[in-house]
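Single-structure report; data block below.
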Amino acid sequence: QILDQIAIEYNKYKESDSNIVVSQSAEDKKEIKKNIYLINTFIKYCTEEKVEGAYKLLSLDCKNDKYPTFEEWDALF
């Protein structure tokens with residue numbers, strides 16, 4: 001179930017990718033690469049069932065709002 005949600009969100013991201021205005025600043029490009037790396041790592045952890053690694057990559061807001069404990073997150077898998 002969680003992997004389906006991740007796939008849906010990732011596909012939305014990829015579809016909207018063509019609408020993103022890419023800045024020419026090196027700092028912005030570095031930030032974009034970092035974010036893409038984090039997203040890809042998160043998806044890899046989820047698909048490989050590395051649940052703890054995926055949980056560690058969640059933002060604090062996500063943890064506080066949706067999954068305040070690792071046990072709640074782990075129950076999804």
Side-chain angles (χ1 to χ4, degrees):
Q1 182 181 13
I2 189 75
L3 292 178
D4 292 337
Q5 291 172 335
I6 292 167
I8 290 167
E9 292 303 317
Y10 185 72
N11 287 334
K12 285 182 194 174
Y13 165 77
K14 293 299 282 177
E15 288 172 9
S16 67
D17 192 34
S18 61
N19 297 326
I20 296 173
V21 176
V22 180
S23 170
Q24 296 301 315
S25 85
E27 192 65 31
D28 287 342
K29 288 180 182 180
K30 185 177 178 180
E31 185 70 20
I32 290 167
K33 285 182 181 182
K34 177 184 149 198
N35 290 338
I36 290 170
Y37 173 79
L38 288 173
I39 291 167
N40 287 335
T41 301
F42 179 80
I43 292 169
K44 179 181 175 190
Y45 284 167
C46 289
T47 57
E48 294 176 356
E49 296 188 21
K50 294 180 179 179
V51 181
E52 189 171 350
Y55 184 76
K56 289 178 180 179
L57 292 177
L58 295 176
S59 69
L60 288 177
D61 287 339
C62 183
K63 288 178 185 175
N64 290 334
D65 293 342
K66 299 278 187 180
Y67 314 104
T69 66
F70 173 74
E71 290 75 22
E72 290 178 78
W73 172 255
D74 191 38
L76 296 171
F77 288 87

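- The salt bridge (Lys or Arg N to Asp or Glu O under 4.0 Å) contacts involving residues 53-77 comprise E52-K56, where partners must be two or more places apart or lie in separate chains.
- Using the six-membered ring where Trp is involved, W73 and Y67 have ring planes that are perpendicular, over 60° apart on the 30 and 60° scheme.
- Remark: E31 CD to I36 CD1 distance equals 11.0 Å, nearest 0.5 Å.
- The CG atom of L58 sits 11.5 Å away from the CG atom of L38 when rounded to the nearest 0.5 Å.
- Scanning all heavy atoms of the two residues, the minimum distance from T69 to Y55 falls at C-OH, 3.5 Å.
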Could you go through Y45 and T41, starting from their C-alpha distance and side-chain angles, then the distance that decides it, and tell me whether this counts as side-chain contact (heavy atoms from CB on, under 4.5 Å)?
CA-CA 6 Å; Y45 284 167; T41 301; 3.7 Å; yes
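- Taking K44 as the reference, nothing meets the salt bridge (Lys or Arg N to Asp or Glu O under 4.0 Å) condition, with sequence neighbours excluded.
- Under the rule for a side chain to side chain contact (heavy atoms under 4.5 Å, CB included), K33 has no partner lying at least two apart in sequence or in another chain.
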